[in-house]
There are 2 protein chains.
Amino acid sequence: MPTEPALPRNFLRPCVLLLLRESPAHGYDLVERLRAFGFSGEDPGRLYRTLRTLEGEGLVRSAWEPSAHGPDRRIYAVTGSGMEALHQVVPALRETARVLDGFVSRYAEFVDIESPSSVSSSR
Amino acid sequence: MPTEPALPRNFLRPCVLLLLRESPAHGYDLVERLRAFGFSGEDPGRLYRTLRTLEGEGLVRSAWEPSAHGPDRRIYAVTGSGMEALHQVVPALRETARVLDGFVSRYAEFVDIESPSSVSSSR
DNA sequence: GCGGGTAGGTGCCGCAAGCATATACTCATT
DNA sequence: AATGAGTATATGCTTGCGGCACCTACCCGC
């Protein structure tokens, strides 16, 4: 794993919504699947808090499910307004990606000038 | 201007360093040039506070300069350790861009399935 | 009965971000 | 000579996210 990314504020929320849209899951499972989006897996408490907040806002719903081995699980699924909320935030995240690409290439521009060796491609 | 981007925490700092590296400037000027990185220009106070913080950390230095028209300006320039700090945070921002691209394309994947009309190119 | 993996949760605090507000200089207008 | 607009720099206050620590409880193997 490279450097830890500097994620946007509240990025956890859309990530949870997207993952739940792909398939319902319980928190402990989401902890693992969230690694793909740059979340280290430490601080599961943060995720559980976010899940309860999302449920309070009606963006996800949950139901307890007994587990064969281990304690019961609270299975979460995204709701209709949850999907709406996801659709609404995506443009901002797209915009963020655009800005960051701009920043990086603008940074790379003068780095290439200063050290013409070990050139990083301009993507 | 599209939607306001959801910028990472502390993103203002590297932006200021990059802009000052491109050319020294005073705060009021930076406010304008920061628009390229998604900063709306409201809340200039935030920028000025950030500048003073950066100066306190030795990442930038400043000098007063009289203005032909209007009040005096505090001209900022990036220092050596400021550049080091910039180099150190860029990998994380690169990583963030990567993650966001991944998120967006993963989102687009099921959006294309649900509404096969109005297809967005897969970049 | 002890440790380790699974699963879900609360408490607390620092600090960035958001918003309002203050000061002061210059110039053009009334 | 006062008023307002544009330029320029700053402080005060509040909120809420994020980071860290900590707790409970279940199941299984040794």
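- Residues satisfying the side-chain hydrogen bond (donor to acceptor under 3.5 Å, both in side chains) test with R98(A), not counting sequence neighbours, are E95(A).
- Residues S67(A) and D72(A) approach most closely at N-OD1, 3.9 Å, considering heavy atoms.
- Checking T50(B) against I75(A), the closest nucleotide of DNA chain C that is more toward the 5' end is the one next to I75(A).
- Using a 4.0 Å cutoff on non-hydrogen atoms, no part of residues 52-67 of chain B comes near DNA chain C.
- The 5' end of DNA chain D is approached more closely, in terms of each residue's nearest nucleotide, by R73(B) than by the other of L7(A) and R73(B).
- Relative to the six-membered ring of F110(B), R21(A) meets both conditions, a distance below 6.0 Å and an angle of at most 45° to the axis.
- The hydrophobic cluster containing L20(A) also contains V89(A), counting ILVMFWY residues as joined when their side-chain heavy atoms lie under 4.5 angstrom apart, directly or transitively.
- Mapped onto DNA chain C by nearest heavy atom, Y48(A) and L12(B) fall at different nucleotides, with Y48(A) at the one closer to the 5' end.
- Across all strands shown, Y76(B) has heavy atoms under 4.0 Å from sugar-phosphate atoms exclusively, and none from any base.
- Under the rule for a side chain to side chain contact (heavy atoms under 4.5 Å, CB included), R49(B) has no partner lying at least two apart in sequence or in another chain.
- Clustering ILVMFWY residues whenever any of their side-chain heavy atoms sit less than 4.5 angstrom apart, transitively, puts I75(A) in a cluster other than the one holding L51(A).
- Among pairs with a residue in residues 56-95 of chain B, those fulfilling ring-ring contact (aromatic ring centres under 6.0 Å, His included) read Y107(A)-H87(B), at least two apart in sequence or across chains.
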| query | So R61(B) and T79(B), side-chain hydrogen bond (donor to acceptor under 3.5 Å, both in side chains) or not? Walk me through it. | reply | CA-CA 7 Å; R61(B) 63 188 141 68; T79(B) 66; over 6 Å; no
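- Protein chain B contacts DNA chain C over a range whose 5' and 3' limits, counting nucleotides with an atom under 4.0 angstrom from a non-hydrogen atom, are dA16(C) to dC27(C).
- With L34(A) as reference, C15(A) is the one residue of P44(A), S40(A), C15(A) to meet the side-chain contact (heavy atoms from CB on, under 4.5 Å) rule.
- Electrostatic pairing of E57(A) and R52(A) does not count as a salt bridge here, judged by no charged N lying under 4.0 Å from a carboxylate O.
- Think of the region where chain A sits on DNA chain D: with heavy atoms and a 4.0 Å cut, that region ends 5' and 3' at dC17(D) to dC28(D).
- Heavy atoms of G45(B) sit under 4.0 angstrom from at least one base atom.
- Salt bridge absent: E65(A) and R74(A) never bring a charged side-chain N and a carboxylate O closer than 4.0 Å.
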